[in-house]
Every structure is written in structure tokens, then in C-alpha cells.
*Asks:* 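Quick one: the structure is below, and I'll ask about it shortly.
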Number of protein chains: 2
Amino acid sequence: MSTAPAFKRLPRAVREQQMLDAAVKVFSRRGFHAASMDEIAEDAGISKPMVYAYLGTKEEVFVACLHREGTRMMQAIAGAAAPDLPADERLWRGLRAFFGFVGAYRDGWAVLYRQARGEQPFAGELATMRARLVEVVAGMLDHALRAEGREVAGTDLEVVAYALVGATESLADWLADHPEADPEKTATRMMNVAWLGAGQLLQGVTWRPATD
Amino acid sequence: MSTAPAFKRLPRAVREQQMLDAAVKVFSRRGFHAASMDEIAEDAGISKPMVYAYLGTKEEVFVACLHREGTRMMQAIAGAAAPDLPADERLWRGLRAFFGFVGAYRDGWAVLYRQARGEQPFAGELATMRARLVEVVAGMLDHALRAEGREVAGTDLEVVAYALVGATESLADWLADHPEADPEKTATRMMNVAWLGAGQLLQGVTWRPATD
DNA sequence: GCGTAACCCTACGCACGAGTAGGTATGCTC
DNA sequence: GAGCATACCTACTCGTGCGTAGGGTTACGC
């Protein structure tokens, strides 16, 4: 019989990406635990055992999502912020790339930051990624300050970098919830806060002398 | 037989608090879904039906936790930042109170921000609370600027306030993971970043003119 | 054209955890 | 010290969803 096969057979590489797309979507909507493998399979237009065959258990599927979206984001940023540029230009381009990523892959962002953070097994992975970002930002600040002949304690640098990364993530959340907002403009605003605030502070200006 | 009752009978109000303590602890460790009512009950030193009798279903227990911790936090901040003080002093006291809260109730913080955020049914509640904070901060900035005869568009103010709140939350996370760190000092650092960065920016200084 | 490997399915087993039924003991009131 | 409310328990039911067993079909090499 030639019952036109409702859906085509596809090569593994393609199906895997479809599954990941579906998984990211479902995880971002429901959260890790509330998401069901059945829903992911259905959303990918496939049946559950295929997901197990290609991607493994639920945890493994989530890790695969985390990995793909994380890599995308890191590459977007790293590709934009070439290390031979002056620090402020690197920061600016990095921010633009970052907000561009969030604007383009909202679901990915939600999975990465809103979900992974709460679930114990994955929080570590996420923390590592963020730590890399903090390190890079701290490096930029340090570099910029050395160029002006100033020097600052490592811990202070790290904490300030942490605050900047936090502020950026927060604006990313805001952006994800405001589809009408412009990523470019958001990046500009963040750049202003970051560069002026951090710069001033690390140059020795303080609101109230830190009485350690 | 006088089999000394292994554990005492306690009045409802006391048991409820013990249950909430246990629930906050378990939720912060495991996350909402992975947490089990059995574990909460065991941790509180009573049996499961008591939890249902006093606090209701799992969702209701979580909401109760959210409510208690959220109220504690808001009261700590509001109590410290009296509205008749100058804006910078209010900001400073609010920050101190906030970091003090996080230092004292780490589990509460984790439940509030790391868990509630990811779970759809509760994210809204949390967003409302954060919105109130953003509003207050924006109000402070606005007030401070008007005092200097300057004026700024509402949206800009809100976005900057958002970034500041985000940076603060981020440092709170850092603090929660670094038990040795000093809340007071963290507050000082945040104050410096906030006041200098936001202040400068809103006074018209920019890194690169925003070319709307 | 025939074997074989890759793709894909329906239909289950089974554990885990939310929520409940139904009963016991302890203190408090009159 | 009888009656009653409140604190508390053990021991279940039952739905939900992860993970799998076992089998069918299409393409591709030779």
C-alpha cells in the first residue's frame, strides 16, 4: 500500500536539532521538572523513544540544550569582542552581541538563566559559564585601568565585574519580557552604566570611603 | 503505660512556623518540584498529614514560604530606608538592610530568587515584588536629580533602576555563596557602583551619545 | 533484488510522590 | 471526670511520567 507516509524520515543530525529546538521551547515554557518527555517528542513531531535513542535521558536532554545555547552565546560574544581592540570598544561590542543573542533566542536565554539556575544538578555548569564571563569583564577593566597607570586589588575588580554582569543579565531579562524593546538601545544604556560607574569607582572616586 | 511521648504536642502557631522553616530549607535545597512533602514533614519533625492540615497543598506551602520571606525582606528594607531622608542616604540604608537580610536568611533568599523565578505559577508574584523595588529605586533617583534641577525621561529612569536592582541581586547571589564575605562591605561596594554610575549617567554624561 | 542498517512506532512496567481515610492520644473546660 | 476539641499518626489510593521492550518500514549498498 502507498499510504503516503504522514511524515518524512530524516537523517539523524537534522532530527537531533529539531528535538533540541523543541526541548528548549518546552523547558523554557514549563521548567525542567514540569516539562515532559512526551511533550518534547510531540513538539518535535516524533515519538518518545526516538528522543531516548538520540539524546538520552531527560537530564541529558537538558544538558544538551544548555550546552548548545551556552555555546551559541559564548561564540556570539567572543566573535564580536576581538581581544586586540581597546577595552571599552571590546566591552561595547560584547554587550551588543550579548543583547543581540538574547533578542534572537529568547527561549534559549530563559532555559539558560531562568531554569538552570534553580535546578541543583545544572546550577554548577551555569555558574562556571558566568564565572568565565566575570573573568573576561574583570580582565577588560583591569586592562583599561593599567593603561591609565592605575592598579586595583583583584577581589575588588572581581566583585565589580560581578555586579556589572548581574546588571546586564537583569536587563536581558527585561528585554526578553519586552518584545518591542530595541536590543541595540538596551546595549547602549548598559554600556553607559557600566563604563561610567565602574570606571569612576575603580579610579578611586567613592561615594563614601570604604572603611574596611 | 507512661511511654514518654517522643515529641511534645505544640500549639498550631508554633508548628506552622517550624513547618515553614523546614519547607524553606527543603525548597531551597531541592527546588520546588524535586522537594517532597514527606521530606518537609520529616524535617519539621512531624508527619505529612499535619502539613496538609495546617498549610494545605504543596503549591500553597510554597506560596506561604514566598509570602513569609518576601514580607520579611520588604519590611527589613522599608524599615531602614525612611522616606524623609535624602535619597542617597535612603539608598545606602536600603542596601545595607537588603544585604543584611540575605546574609541572615540565605535559604529564604534562595527560595525567593533562585526557585520562584523558574516556576511559572510563582514567577508573577516575584515579578511584582521586584517591580515595586524598581519603582522605589527609580523614585529615589528621580528625587535626587530633581533636587539638582535636572529632569530625565521616565523610561530611562526605569531601565537604569532595573540595571541597579539586577546588579544588587547578583551581588546578593555572590554573597549567598561566599559565607565568609561581609554583608556591610558588599553593600558599600554596591553603593559606589550605583551612585556613581547612575548619577553620572542621568546627569547627562554618556560614554557614547545614544543615537536613538 | 536482497540483505542490512538506520529510522521510527505502539504499548507497556514501574517507581515515586501528592493527597486522604480513618483512627488514637492528650489536654482543657465545666 | 465526662465531653470535646485539638494535635498527631499509620497506612493506604491513585495519577503521572520516566524509561524500555519488541517489532515494523524505508533507503541504500552491492
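The model shown is predicted, which means the values in this text are computed figures rather than measured ones. Every chain is numbered from 1 and lettered A, B, ... according to where its sequence line falls, protein lines coming before strand lines. Below, each value reflects all heavy atoms present in this structure, side chains not excepted, and no hydrogens, waters or symmetry copies.
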*Asks:* What is the nucleic acid contact for B:Met50, judged by heavy atoms within less than 4.0 Å: base, sugar-phosphate only, or nothing?
*Replies:*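 B:Met50: base contact, heavy atoms under 4.0 Å.
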
*Asks:* Can you tell me if the side-chain N/O atoms of A:Arg12 get under 4.0 Å from OP1 or OP2 in C:dC8?
*Replies:*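 No, A:Arg12 has no side-chain N/O under 4.0 Å of OP1/OP2 on C:dC8.
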
*Asks:* Nearest whole angstrom, please: distance from the P of D:dC9 to the OH of B:Tyr52.
*Replies:* 15 Å

*Asks:* Tell me which nucleotide among D:dG19, C:dC8, C:dA18 gets nearest to the side chain of A:Leu10.
*Replies:* C:dC8

*Asks:* Do the side-chain N or O atoms of B:Tyr54 get closer than 4.0 angstrom to the phosphate oxygens (OP1, OP2) of D:dT6?
*Replies:* no

*Asks:* Count the heavy atoms of every other residue, nucleotide or ligand shown that sit under 6.0 Å from CD of B:Glu16, and state whether that count exceeds 12.
*Replies:* yes

*Asks:* I need the CZ-C1' distance between B:Phe62 and C:dG19, as an integer number of Å.
*Replies:*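 The distance from CZ of B:Phe62 to C1' of C:dG19 comes to 19 Å, rounded to the nearest Å.
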
*Asks:* Check whether the ring centres of B:Trp109 and B:Phe98 lie less than 6.0 Å apart, and answer yes or no.
*Replies:*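 Yes, the ring of B:Trp109 comes within the 6.0 Å limit of the ring of B:Phe98, centre to centre.
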
*Asks:* Can you figure out which of C:dT20, C:dA11, D:dC18 approaches the side chain of B:Pro49 most closely?
*Replies:* C:dT20

*Asks:* Using whole Å, report how far CD of A:Glu60 lies from C1' of D:dT20.
*Replies:* 15 Å

*Asks:* In Å and rounded to the nearest 0.5 Å, what is the CD to CE distance from B:Glu89 to B:Met191?
*Replies:*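 Nearest 0.5 Å value for the CD-CE distance: 8.0 Å.
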
*Asks:* Rounding to a whole Å, what distance do you find between A:Asp38:CG and D:dG15:P?
*Replies:* 17 Å

*Asks:* Categorize A:Ala41 for me: base, sugar-phosphate, or nothing, with a 4.0 angstrom heavy-atom threshold over every strand shown.
*Replies:* nothing

*Asks:* Using a 6.0 Å cut-off, check whether atom CD of A:Gln18 has over 12 heavy atoms from anything other than its own residue.
*Replies:*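 Enclosed.
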
*Asks:* Determine the contact category for B:Ala35: base if any of its heavy atoms lies under 4.0 Å from a base atom, sugar-phosphate if only primed atoms, P, OP1 or OP2 are that close, otherwise nothing.
*Replies:* sugar-phosphate

*Asks:* Going by modelled atom types, is there a donor-acceptor pair between the base of D:dG19 and the side chain of A:Lys48 at under 3.5 Å?
*Replies:* yes

*Asks:* Select base, sugar-phosphate, or nothing to describe what A:Ser47 touches, counting heavy atoms under 4.0 Å on all strands.
*Replies:*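 A:Ser47: base contact, heavy atoms under 4.0 Å.
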
*Asks:* In whole angstrom, what separates B:His33's NE2 from D:dG17's C1'?
*Replies:* 12 Å

*Asks:* Counting neighbours of CD on B:Gln17 that are heavy atoms of other residues, nucleotides or ligands and sit closer than 6.0 Å, is the number greater than 12?
*Replies:*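 Yes, enclosed.
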
*Asks:* Could you state the atom-to-atom distance from CG of B:Leu55 to P of D:dA7 in whole Å?
*Replies:* 13 Å

*Asks:* Roughly how many Å is it from CD in A:Glu42 to P in D:dC18, rounded to a whole number?
*Replies:* 13 Å

*Asks:* Expressed as a whole number of angstroms, how long is the span from A:Ile46:CD1 to C:dA6:P?
*Replies:* 17 Å

*Asks:* Counting only distance, no hydrogens or angles, is the base of D:dT6 paired donor-acceptor with the side chain of B:Arg9 under 3.5 Å?
*Replies:* yes

*Asks:* Please pick, from C:dA18, D:dC18, C:dC8, the nucleotide with the shortest atom-to-atom distance to any side-chain atom of A:Arg15.
*Replies:* C:dC8

